[in-house]
Structures are given as C-alpha cells and as structure tokens.
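This report refers to the structure that appears directly beneath it.
The first residue of the sequence shown is numbered 1, and numbering continues consecutively from there. Excluded from the calculations below are hydrogen atoms, water molecules and symmetry mates; all remaining heavy atoms, backbone and side chain alike, are included.
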Amino acid sequence: ELEQFAGLCNTKPIDLVFIIDSSRSVRPSEFEQVKVFLSKVIEGLDVGPDATRVGVVNYASRVKNEVSLKSHKTKAGLIKAVAKIEPLSSGTMTGLAIQFALNVAFSEGEGARTKSPDISKVAIIVTDGRPQDNVRDIAARARESGIEIFAIGVGRVDMNTLKQMASEPLEEHTDYVESYSLIEKLTKKFQEAFCVSDLCATGDHDCEQICISVPGSFKCACREGHTLKADGRTCSACSDATTDVVFLIDGSKSVRPENFELVKKFINQIIDKLDVSERGTHVGLVQYSSAVKQEFPLGRYTTKKDLKEAVKKMDYMERGTMTGQALRFLLDNSFTPGQGARPGVAKVGIVFTDGRSQDYIGDAARKAKENGFNMYAVGVGNAVEDELKEIASEPAADHYFYTADFKTMNQIAKKLQINTCPVEDPCQCDSITKFQKKVEEALQALTKKYILFSHVCVTKRIAALENKIV
C-alpha cells in the first residue's frame, strides 16, 4: 500500500528534520516504534539532493545530531541510518533540541538549502513528556525563520507544550496518540501533507493545449504561434506579445505633484504586465498639459528595468489640459515609423487624464480608432465620463476605467488587460445563424411543395385510371 501511495504523488522539495524524544520515559521497544514511524514517512518521500533531504535530531538531557540533511542521498541509506539510532535515556530538554535544529540541523553547513519559496523547511517533533526547559520562545523563533513545525504528543505529554511548539493552524500541526503502538497510524497523514498530486498527469486540469505541473497546482501554456488568453486556460492563434504601446499622460496642474508620483507608479505597474523586449512589446511615453512633450519614443528602451527608470525620471509639467492636441500628437508622431513605431505591429494608446479637456477631442479620438489603434482611457477625479468613452475603443467595459481617487489607481492597473487580438465578431455568428434559419425554412417549404405536388399527381392518376375502367 505504501509503494502504491508513493507512486500516486510527487513530494515537493523539503528540508525535513525529525526531532525525537528518547528520554527515560520512552522504553526501548517504544523507541523502536518511533523509528518504524520515521521509516514509513521517509518511504513515501521523494528523497534526493534536489528533492527532499532528511535529517534526524535525537534528544533527552543532551542533543545528538544522528542524521544531517546532507548525510544520505538515497531512501535506502536513510532508512538504514534510522534503524541504527539508539535512545539517550535521560531528561527532556525539548527547547534545547529545537534550538539545536534552528542553529545547526537547518544550517547550510549541515546540508540545508538557502531560503526559497520552492523549498519547504519542516520539523516533526515527537515527544511523550513535559519539557524541563522553555519551548515557547525558541519555537516562535524557529517558526519566524520559516520552519513549519508539526508536534506529535504521546501518552502523558503536556498538551500546552505541543500548542506552544506547533505552527498555525494548530489543528493541522498537532497530533496526539495514547501510546507509541498507535503512532504508526499518523504515517498516512504526513505522507499526504508532503504529497503534491501531479494534476497534469491525473488530468485534473482544464488547459486547452499544454499543462505544466507546479507544486500542488498547474499552469497552462500554448503551442508555438499561440498566446494564452486572459482566462489563463485557453489559447488564441493571435499573439499579444508584439505590440507598440504609447502612454499619453495628463501633467496638468490639477494633478498635483504627490499624485503625479502615483501616476508614474501606475504606468510602471502596467509595464510590469507587458512582454517588453527587442522583438516583443515596445513602450513610448508622452506627457501633455498646455503643450505636448514626448518623454521617450517607442523602441528607445527594450527592458522593463530601463523603461521603469525612465518613467521615474519624468518631470511634472503642471499647466493646462490639451487632451485633443495630445491625441493628434499620438496620430501624427508617436505611431509613425520615424518615431520608432513598427509597421504591421498592433498599436495601443493608453490615455490618462484627471479633468475636462480644454480643446476639442472628437476628431482625433475618432481618427485614432479608425486607424486601428486600440485605445484605453483612464480617468481620475474630475475626468469627464463622456470624454473618456469617446477616447476608448469598444467594448467600453474593457477599455474605459474611472476612479475618484489617485490612491486607488493601482486597482485599475490590475484590471486593465491589453489585448490586441481581434475580438470574434458576434454579428458574424448572427448572420450565420440567420442564414441557417433561412436555409431550413426554404427546405421546409420545398418539402411541403413536393408533398403537395406528389399528392396532386397521385390524385390525377387515380382519376385517369377510374375513367379508363368506366
């Protein structure tokens, strides 16, 4: 059953240290049962230098490092080493044992790996008594360092001690068994705790093309020439990666300097979501107030780092709000090959403003959309809804955003999804449906005609036969 279980799951990489109490109260036969429990948990793990590493700390009045995380690279070697561990048979210095695990067993010198979100640090403490030293503070320090602590109590153990040691939630990290003969029943719990099902292998995913396993979950990808859609599951034959994006940023005096810094953070939040590279997305930046100023053209910076640095250096203009003039600049300059725009590449304009435009925007807004530019409008504070909708491409729900406060602009940055792939025209589907309906009606009419015609023919022939007989 154990082998079958081990085959059903992968264990995420763990640095796992068992801390086992072998004080006088633990009889030799009971200590053997603890070792069997350790061996069975190890049996269900994916042991190896790049997978799970296992260490064992034995304690009573003193602490003994029985197995280091670097000692054994195979499951068989580990299980042999566990079998050779002897009880120390003296007091119960649990706090000292946790301190030893924190300072020594989980150190890089003993084979622990550097802290990483991909590698879990786990300690399993097995004890049957009340500690003779303080465990609360040292256990808290161990947990703060990133070690997840499971506490197993046996027999006459002090339950408060288990709670002081274990990680949250306590019900998942504390276990109690009445005697050592029952400890083996916890084996399956720990195997499952460290087990990560391969959801791609079991088919428990809804990826359209490619499923990639990650610990405890999965992510979807697409074949070459396809792009993952916003739902993170389905793929499109169109690619959003190669895009020219230009920001048109309102730098009028109503924005105010402290808010202008929030606008720059907003731009950089959007840049973080883009696939910026020499052959991928290029970004340009234009600031406008009473005049229009190109901060940098498309293609000048081809890394996110350089782009974000350039955005941070933008100085605030602090005058009027000539949004129409800025839109004309976008049409006549920003998206021209002379200013770095690439022929045949999708064009995206992101317009940010905090007030009513002081000039007419209608013609330039319409022409931008007629030219095939994908236009997004973002308004804050006193921005006028009608103007924003006039700038934004269809569907407005995906291209027009408003918030009353500069402090909540980061929420818009999270929602705004740049999509340059053509939206499937629902009208096309409607026309196909209408055509199908017409065809069906025509067929029904023909069928009726044929039946009627056949009926008339048969009636005439019967009449002719009757005349001949007469």
Side-chain angles (χ1 to χ4, degrees), residues 243-274 276 281-336 338-341 347-359 361 364-365 368 373 375-384 387-388 391 401-414 416 418:
T243 312
D244 285 345
V245 178
V246 174
F247 288 90
L248 278 189
I249 299 301
D250 177 354
S252 58
K253 61 177 174 286
S254 58
V255 173
R256 301 216 302 274
E258 65 275 20
N259 289 332
F260 195 68
E261 290 307 307
L262 294 174
V263 174
K264 293 198 274 189
K265 279 186 180 171
F266 165 79
I267 297 168
N268 282 341
Q269 253 186 294
I270 304 280
I271 287 170
D272 272 329
K273 290 162 66 174
L274 301 174
V276 176
T281 297
H282 287 187
V283 177
L285 178 62
V286 173
Q287 186 186 172
Y288 71 93
S289 60
S290 301
V292 179
K293 180 188 176 192
Q294 179 167 266
E295 299 289 346
F296 53 82
L298 287 161
R300 176 174 290 176
Y301 305 108
T302 53
T303 69
K304 286 184 187 180
K305 184 174 177 287
D306 291 344
L307 270 173
K308 287 161 79 174
E309 283 302 317
V311 169
K312 284 178 191 168
K313 287 175 186 165
M314 174 169 57
D315 291 324
Y316 176 36
M317 289 171 80
E318 208 174 343
R319 289 201 299 278
T321 312
M322 304 294 277
T323 311
Q325 193 181 333
L327 286 165
R328 282 191 295 279
F329 184 89
L330 185 80
L331 287 161
D332 302 337
N333 296 279
S334 300
F335 283 139
T336 61
Q339 292 299 318
K347 308 284 184 280
V348 173
I350 301 176
V351 181
F352 162 79
T353 182
D354 85 323
R356 182 183 290 279
S357 177
Q358 293 170 332
D359 61 351
I361 67 164
F373 304 161
M375 300 297 293
Y376 293 82
V378 178
V380 178
N382 295 321
V384 179
E387 285 187 357
L388 295 171
I391 294 166
F401 301 90
Y402 173 81
T403 180
D405 190 351
F406 280 89
K407 291 187 179 72
T408 54
M409 281 179 73
N410 61 333
Q411 296 305 314
I412 291 178
K414 286 177 190 170
L416 196 153
I418 291 177

Within a strict 4.5 Å, meaning less than it, do heavy atoms of the Ile361 and Leu327 side chains meet? yes

Are the side chains of Met375 and Val351 in touch, meaning some heavy atoms are under 4.5 Å apart? yes

To the nearest 0.5 Å, atom CD1 of Ile391 lies from atom CD of Glu387 at 6.5 Å

According to salt bridge (Lys or Arg N to Asp or Glu O under 4.0 Å), who are the partners of Lys312, at least two apart in sequence or on a separate chain? Glu309

Stepwise side chain to side chain contact (heavy atoms under 4.5 Å, CB included) check, Met314 with Val263: CA-CA 11 Å; Met314 174 169 57; Val263 174; 5.7 Å; no

Any side-chain heavy atom of Asp359 within less than 4.5 Å of one from Arg328? yes

Are any non-hydrogen side-chain atoms of Leu248 and Thr353 less than 4.5 angstrom apart? no

What pair of heavy atoms forms the shortest contact from Asp244 to Ala341, and how long is it? OD2-CA, 3.4 Å

With rounding to the nearest 0.5 Å, note down the distance linking CG in Leu285 to CG in Leu307. 9.0 Å

Would you compute the distance between atom NZ of Lys308 and atom OG1 of Thr303 and round it to the nearest 0.5 angstrom? 10.0 Å

Taking the side chain as C-beta and beyond, is there a heavy-atom pair between Asp250 and Thr323 under 4.5 Å? no

Got Gln269 and Ile412 here, is their nearest side-chain heavy-atom distance under 4.5 Å? no

With Lys304 via salt bridge (Lys or Arg N to Asp or Glu O under 4.0 Å) - residues at least two apart: none

Please list, chain by chain and in numerical order, all residues satisfying ring pair (Phe, Tyr, Trp, His ring centres under 6.0 Å) with Phe260, sequence neighbours excluded. Tyr316

Search all heavy atoms of Ala364 against all heavy atoms of Gly324 and return the closest pair with its distance. CB-O, 4.1 Å

Those residues that, when tested against Asp405, pass side-chain hydrogen bond (donor to acceptor under 3.5 Å, both in side chains) (two or more places apart): none

Is a donor on one side and an acceptor on the other found under 3.5 Å between the side chain of Tyr402 and the backbone of Gly381? yes

Contact summary for Ser334 and Gln294, nearest pair of heavy atoms: OG-OE1, 4.3 Å

Using 0.5 Å steps for rounding, measure from the CD1 atom of Ile249 to the CD1 atom of Ile267. 3.5 Å

Heavy-atom count check: over 12 atoms from other residues, nucleotides or ligands less than 6.0 Å from Lys273 NZ? yes

Centroid-to-centroid, Phe335 to Phe373, below 6.0 Å? yes

Please tell me if the side chains of Val380 and Met409 come closer than 4.5 Å, counting only heavy atoms from C-beta onward. yes

What residues form a salt bridge (Lys or Arg N to Asp or Glu O under 4.0 Å) with Asp306, not counting sequence neighbours? none

Reported OG-to-CD distance for the pair Ser290 and Gln358, which is rounded to 0.5 angstrom: 6.0 Å

Heavy atoms, side chains only, cut-off 4.5 Å: are Leu298 and Gln339 in contact? no

Got a second to check how far Tyr301's OH is from Phe296's CZ, nearest 0.5 Å? 6.5 Å

One pair to check against side chain to side chain contact (heavy atoms under 4.5 Å, CB included): Glu318 and Ser289. What are the steps and the verdict? CA-CA 7 Å; Glu318 208 174 343; Ser289 60; over 6 Å; no

So does Lys253 have more than 12 non-hydrogen atoms from other groups sitting under 6.0 Å from NZ? no

Using salt bridge (Lys or Arg N to Asp or Glu O under 4.0 Å) as the criterion, list what pairs up with Asp332, not counting sequence neighbours. none

